[in-house]
Amino acid sequence: MDTEWRPTACVLCASNCGIEVRLDGRRFERVRGDRAHPSSQGYTCEKPLRLDHYQNAADRLTHPLRRRPDGTFERITWDVAIAEVAAALSRVRDAHGGETIFYYGGGGQGNHLGGSYAGALMRALGARYRSNALAQEKTGLYWVSDRMLGTMVTGDFEHCEVALFIGKNPWQSHGVPRTRPTLREIARDPRRCLIVIDPRRTETAELADIHLRPRPGADAWLLAALAAVLVQEDLIARDWLAAHATGLEEVRAALRHVPVAGYCATAGVPEEQVRRAARRIAAAAGVAVFEDLGVQMNRHSTLNSYLDNLLWLLTGNFGRPGANNPPILFAPFISFSHHGPKRDRVSPVAGARIISGLVPANVIADEILTDHPRRYRAMLVESANPAHSIADSPRTREALAALDLLVVVDVAMTETARLAHYVLPAPSQFEKWEATFFTLETPVNQFHLRRPVLDPPPGADLLPEPEIYARLCEAIGALPEERVRPLREAAGRGRREFARAFLAAVEDPGQAAVAAVLLYRALGPTLPGGAAAAASLWAHAVRVARAHPEAVRRAGIDGEGVDLGDRLFDAILAAPSGLVFAVDAPGDAWRRLGTPDKKVHLALPDLLEELAGLATGPEASPDYPFVLSAGERRSFTANTIIRDPAWRRRDPHGTLRISPQDAEELGLADGSRARVTTRRGSAEATVEITETLLPGHISLPNGLGLAYPGEPGEVTTGAAPNELTSARDRDPYAGTPWHKHVPARVEAVA
Ligand SMILES: Nc1nc2c(c(=O)[nH]1)N[C@H]1C(S)=C(S)[C@@H](COP(=O)(O)OP(=O)(O)OC[C@H]3O[C@@H](n4cnc5c(=O)[nH]c(N)nc54)[C@H](O)[C@@H]3O)O[C@H]1N2
Ligand SMILES: Nc1nc2c(c(=O)[nH]1)N[C@H]1C(S)=C(S)[C@@H](COP(=O)(O)OP(=O)(O)OC[C@H]3O[C@@H](n4cnc5c(=O)[nH]c(N)nc54)[C@H](O)[C@@H]3O)O[C@H]1N2
Ligand code: SF4
Ligand SMILES: [Mo]
């Protein structure tokens, strides 16, 4: 047994807490929080103790695979895999155009370094369309934030007076640094206030000072009522708005006439409680807000995001401590474009709005299956499991199976990999250099480049993603040696020389397109400790240092211009537990506002119109009397990152949660079996009766229904939520799915 504690990070949610691992052979013998990690500071939840089930899973991929005509797979060498995949991608490009090659994924909760190289391959092929899970959750919010602010924001929960969580259960899903202690501190402090909007009495709601409990799917009425109280009781930040915002009159006009009492009744929340919450928000020195899937994957999701933004903007909660501020993205994982030239892009077949560069996940099957000259013919999937995670799994499977070419880069034999023509195996996130790009913290932001903790399994033939993409670029002729050689030689002469040569080379758009793999091949080999995969970060460090030099210097890095970026890059390489790379000062938020006039744009006419039409209450169907929340985050769920069901210490099969009243009416006992049926499909689950749900509301966890090797054969544990969802149930603006609002019925199973 090894006595060394090796620093890395948990990969199970976007918080990416720093951890230290002690090995027993290849096993994770012990895991603990890493106190040296700048953001988590030793904190973890219960999940990373079970990371060995990810690292040493029985369905880890060990060799490149090619599908045979009968659907089984055969091992091939990397030389064959690269040559055949490159040839197949080139054939699709030559026959139908590069834009028919679609890219999905690019990183899960903890791994974005590999995906930073995939863009080079896609651009070299002429691909134009891509997507990932953000197009199932965040694009509606991005769209309104882009138009209102030209940027995204993060709530400053450490310093806020009021914390507002809308359709978010951070106790389980995290996403705030040191989530549970932070929540407890806010709840305990009589001067601070925790407000939760959730129909379910979640662990977070249990701690709340004010729990607003709308009927499932009725948030638009509740949020409109909250915003209307601000206007009608004259609680808005008038002077601040006069100085910083446009469109106030349109918004006031729209909210002045909202019938607060009636909207509260429709939402099912006592009016007095709504007024109290609005007044508390208005009175606070800082209100930090986090909305998540409960509203983003629900009816009115884009309108909900707009109303949410109005709540904190009408009260002036932007650009100050304890409020909501734009983080510096170390490596931007999305782009904001509404104020730029790409604002009106749509997908080629369905004509769906492309937001932040992402095609809505819910239209991908249509994009593939529709008889149309520009339909997607080939797809590269990396670090994602769309056959399981996109709405309507049967139709997604049909679409993936209809592709001329499906290539999957993953660590495990997933539902998506099973459908692939080629499966390309990568080392696990603990066997290679990795990083998350979810650096969303402000005022102090950190970045963590993780080092490998152990070697890939003996006998396995794996390649890290940067190497896969570099080889594919080379095989299609996009990375000729005569381009790489001068840069490699410059790198050999030192970083200054390299910077000059590289920045000159990428003036050429052709070379700029493949910049990441150029860096990997030229700068990568010169990096200490085998950190070649980190090479793409050099360009990000240089960009961040150029754009935000003061913030970087406040983090303790010295220098000017490219030198400052270069030093930041070296500091990252030298910080195995991560480092602070940016510290904001008051006023930075205003500099990062992306609107051309540097004002907050309050009025979005299309959404104000939708608000005005919000006249009818939620409808119910007698055939489907329940609202199913398909995909709740629980103590032992982590998307499909851990596939081994034995990782769950509780709730092994993922129960169907239901209220006591409904259970009694249906004759369901705790632990009995029930069948859930939706318009799209049907699934069985074990019943868990809980007071935390309102009558009429049921929930199933996310990440279940995965097939995993067992005795005697493969075992599928729990219900896969997207066997029950329909891709048509989606937001009219952003195309985001209504996974939290699936009409359903429930029956006892004998
Ligand atoms: N344990 C765990 N943590 C995770 C993950 C995981 O798989 N497991 N996944 C990570 C990922 S990818 C994400 S995106 C985040 C998501 O994090 P969350 O959004 O917090 O997770 P959910 O549990 O899906 O949904 C949040 C809440 O929405 C509520 N809700 C349902 N219907 C409604 C409604 O009509 N109105 C309102 N206001 N609320 C409603 C649910 O009761 C639930 O408490 O979690 C991340 N963290
Ligand atoms: N019905 C319903 N559907 C949902 C949701 C819901 O609440 N309800 N939630 C949605 C949300 S918010 C999200 S984020 C998505 C998540 O769904 P997806 O975006 O599809 O991703 P994950 O399930 O996180 O799967 C991550 C994949 O990465 C692989 N992987 C792990 N490490 C590595 C690595 O180092 N390299 C490579 N190449 N691969 C690796 C894992 O094996 C796994 O296949 O699901 C969405 N789908
Ligand atoms: S699951 Fe999320 S909150 Fe829990 S330790 Fe991992 S990264 Fe941190
Ligand atoms: Mo997510």
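Remember, it's 1-based here, ligands and their atoms both numbered in the order they're listed. We use all heavy atoms of the structure for the numbers below, so side chains are in, but hydrogens, waters and symmetry mates are not.
Under 4.0 angstrom from ligand 2, the non-hydrogen atoms of T414 all belong to its side chain. Here S173 has heavy atoms under 4.0 Å from ligand 1 in both its backbone and its side chain. When non-hydrogen atoms are compared, ligand 2 lies under 4.0 Å from the side chain of N111 (C-beta onward) but not from its backbone. In E723, neither the side chain nor the backbone holds a heavy atom less than 4.0 Å from any atom of ligand 2. Of all the heavy atoms of R643, none lies under 4.0 Å from any atom of ligand 2, so neither backbone nor side chain is involved. Contacts of A391 with ligand 2, taken as heavy-atom pairs under 4.0 Å, are absent altogether. Contacts of N169 with ligand 1, taken as heavy-atom pairs under 4.0 Å, involve both backbone and side chain.
Scanning both residues, L693 and I658, for their nearest heavy atoms gives CD1-N, 3.6 Å. S393 and E723 get closest at one heavy-atom pair: CB-OE2, 3.4 Å.
Checked for salt-bridge contact, E203 and R634 miss the test: no charged N lies under 4.0 Å from a carboxylate O. Salt bridge K432/E465: present, at least one basic N to carboxylate O contact under 4.0 Å.
In this structure, Q109 has a heavy atom closer than 4.0 Å to ligand 1. Ligand 1 has no atom lying under 4.0 Å from any heavy atom of G703. Not a single heavy atom of H388 sits less than 4.0 Å from an atom of ligand 2. Every heavy atom of G105 sits 4.0 Å or more from the atoms of ligand 2. Within the structure, ligand 2 has G631 among the residues with a heavy atom less than 4.0 angstrom away. Using 4.0 Å as the threshold, G114 has no heavy atom nearer than that to any atom of ligand 2. Taking a 4.0 Å cut-off on heavy atoms, K47 registers as neighbouring ligand 1. Heavy atoms of H174 come nearer than 4.0 angstrom to ligand 1 in no pair at all.
Distance check: T204 OG1 to R201 CZ gives 13.0 Å after rounding to the nearest 0.5 Å.
Here the heavy atom of the protein found nearest to atom 14 (S) of ligand 1 is E137 OE1, 2.8 Å. The protein atom (non-hydrogen) at minimum distance from atom 39 (N) of ligand 1 is P199 CD, 3.2 Å. The protein heavy-atom contact nearest to atom 1 (N) of ligand 1 is R634 O, 2.8 Å. Among all non-hydrogen protein atoms, the one lying nearest atom 24 (O) of ligand 1 is K740 NZ, 2.7 Å. At the shortest separation from atom 28 (O) of ligand 1 among protein heavy atoms lies G294 CA, 3.1 Å. Atom 22 (P) of ligand 2 has T640 OG1, 3.6 Å as its closest protein atom, hydrogens excluded (heavy atom only). In this structure, the protein non-hydrogen atom closest to atom 26 (C) of ligand 1 is G167 O, 3.3 Å.
Across K168, R633, H697, E203, heavy-atom proximity to atom 13 (C) of ligand 1 is greatest for R633. Proximity annotation for atom 40 (C) of ligand 2: of T637, T725, V411, V411 comes nearest, heavy atoms only.
Proximity to K432 (heavy-atom distance under 4.0 Å) selects the following atoms of ligand 2: 34 (C), 35 (O), 36 (N). For ligand 1 and N702, the ligand atoms under 4.0 Å from any heavy atom of the residue are 6 (C), 7 (O). Per-residue contacts place E632 under 4.0 angstrom from the following atoms of ligand 1 (heavy atoms of the residue considered): 23 (O). Close contacts of ligand 2 with A133, meaning ligand atoms under 4.0 Å from a residue heavy atom, involve 13 (C), 14 (S), 15 (C), 19 (O). Ligand 2 places these atoms under 4.0 Å from at least one heavy atom of Q136: 46 (C), 47 (N). Near P216, the atoms of ligand 1 lying under 4.0 angstrom from a non-hydrogen atom of the residue are 35 (O). Atoms of ligand 1 found under 4.0 Å from any heavy atom of T202, numbered from 1 in the order shown, are 44 (O). Residue-ligand proximity, C13 to ligand 1, at heavy-atom distances under 4.0 Å covers atoms 47 (N). Near P721, meaning under 4.0 Å from one of its heavy atoms, ligand 2 places the atoms 1 (N). Those atoms of ligand 2 that come under 4.0 Å of a heavy atom in Y54, given as number and element, are 31 (C), 32 (N), 33 (C), 35 (O). Every atom of ligand 2 with a heavy atom of N639 under 4.0 Å away is listed here by number and element: 14 (S), 16 (C), 22 (P), 23 (O), 24 (O). Short contacts between ligand 1 and D219, defined as distances under 4.0 Å to a heavy atom of the residue, involve ligand atoms 34 (C), 35 (O), 36 (N), 37 (C), 38 (N). Listed by number with element, the atoms of ligand 1 under 4.0 Å from a non-hydrogen atom of S629 are 31 (C), 32 (N). Per-residue contacts place N298 under 4.0 angstrom from the following atoms of ligand 1 (heavy atoms of the residue considered): 32 (N), 33 (C), 34 (C), 35 (O).
Where the criterion is an N or O separation shorter than 3.5 Å, residue side chain and backbone included, R200 meets it with respect to ligand 1. In terms of N/O distances under 3.5 Å, ligand 1 is approached by G217. Checking only distances, I197 does come within under 3.5 Å of ligand 1, N or O to N or O. Between Q172 and ligand 1, at least one pair of N/O atoms sits closer than 3.5 Å. Among the atoms of D198, some N or O lies under 3.5 angstrom from an N or O of ligand 1. For the pair L293 and ligand 1, the shortest N or O to N or O distance falls below 3.5 Å.
Exactly one of K47, Q55, R450 qualifies for a side-chain contact (heavy atoms from CB on, under 4.5 Å) with V11. That residue is R450. A side chain to side chain donor-acceptor pair (under 3.5 Å) with R680 holds for exactly one of N722, T725, D729, D392; it is D392.
Less than 6.0 angstrom separates the ring centroid of F157 from the ring centroid of F165. Checked against the 6.0 Å centroid threshold, Y469 and Y520 do not count as a close aromatic pair.
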